[in-house]
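Below is one structure; the comments refer to it alone.
Along the sequence shown, the residues carry numbers beginning at 1. Computed from a predicted model, the values in this text were never measured in an experiment.
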Amino acid sequence: MVDGVGRDSPSGSITVRKGTIAVPQTAVGGSATATATASFSGARVGDMVVVNPLALLQGAAGIWSAECLATDVITILFGTGGAALTITAQTMTCTVGQW
């Protein structure tokens, strides 16, 4: 869901979209990575993407990257430096910049 936009000028093209995404539960193996995808309207392949969880991630889990690899879809790469764990389904903020 897109909650706001930034423009080059009041009537110019949109350069930044900000909103929230619903990230599904994601199992991450021990010392491994796993991806999750979420819908974000207006995201284009190659856009700059920043995601921020609204709740703490479990254990040694982290977000290693966030990218737009398909139109309107954000792909998040989770990683863990230790034991296997499951990232719970949650809402995250998402900012997508188009340059």
Side-chain angles (χ1 to χ4, degrees):
M1 171 175 64
V2 177
D3 294 331
V5 297
R7 296 182 182 274
D8 284 331
S9 65
S11 61
S13 62
I14 294 172
T15 57
V16 177
R17 288 180 166 79
K18 182 177 181 191
T20 57
I21 55 176
V23 179
Q25 179 173 303
T26 307
V28 185
S31 297
T33 60
T35 59
T37 60
S39 297
F40 192 86
S41 183
R44 299 182 309 216
V45 174
D47 286 349
M48 182 266 323
V49 178
V50 177
V51 296
N52 295 298
L54 299 175
L56 292 175
L57 298 179
Q58 299 85 333
I63 296 173
W64 289 15
S65 68
E67 302 175 83
C68 180
L69 301 174
T71 302
D72 296 333
V73 178
I74 302 300
T75 300
I76 302 167
L77 177 65
F78 293 103
T80 177
L85 51 83
T86 299
I87 306 293
T88 58
Q90 60 184 283
T91 299
M92 294 187 182
T93 62
C94 183
T95 305
V96 175
Q98 298 169 332
W99 316 112

Is there a side-chain contact between [X] and [Y], using heavy atoms and a 4.5 Å cut-off?
X: Q58; Y: T80; value: no
X: I63; Y: F78; value: yes
X: C94; Y: I74; value: yes

For [X] and [Y], work out which heavy atoms get closest and say how close.
X: Q90; Y: P53; result: OE1-CB, 3.5 Å
X: I87; Y: A61; result: CD1-CB, 3.5 Å
X: T95; Y: K18; result: OG1-CG, 3.8 Å
X: A38; Y: A22; result: CB-O, 3.4 Å
X: A32; Y: V28; result: O-CG1, 3.5 Å
X: S39; Y: I21; result: O-CG2, 3.5 Å

Please say yes or no: joined through hydrophobic side-chain contacts below 4.5 Å, possibly via intermediate residues, are F40 and L77 part of one cluster?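 They do not share one cluster, since no chain of ILVMFWY contacts under 4.5 Å joins F40 to L77.
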
Quick one: do V50 and V16 end up in the same hydrophobic cluster if we chain Ile, Leu, Val, Met, Phe, Trp and Tyr together by side-chain heavy atoms under 4.5 Å apart?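 They do share one cluster, since a chain of ILVMFWY contacts under 4.5 Å joins V50 to V16.
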
Quick one: pull up [atom1] in [X] and [atom2] in [Y] and give me the separation to the nearest 0.5 Å.
X: T35; Y: E67; atom1: OG1; atom2: CD; value: 10.5 Å
X: T91; Y: N52; atom1: OG1; atom2: CG; value: 13.0 Å
X: Q25; Y: T86; atom1: CD; atom2: OG1; value: 5.5 Å

Counting heavy atoms not belonging to L54, are there more than 12 under 6.0 Å from its CG?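 Yes, because the 6.0 Å sphere around CG of L54 holds more than 12 heavy atoms from other groups.
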
Assess the residue pair I76 and T26 against the criterion (side chain to side chain contact (heavy atoms under 4.5 Å, CB included)); give the C-alpha distance rounded to whole Å, side-chain angles, the decisive distance to 0.1 Å, and a yes or no. CA-CA 10 Å; I76 302 167; T26 307; over 6 Å; no

Between the side chain of Q98 and the main-chain N/O of G42, is any donor-acceptor distance below 3.5 Å?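 Judged by distance alone, yes, a pair lies under 3.5 Å.
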
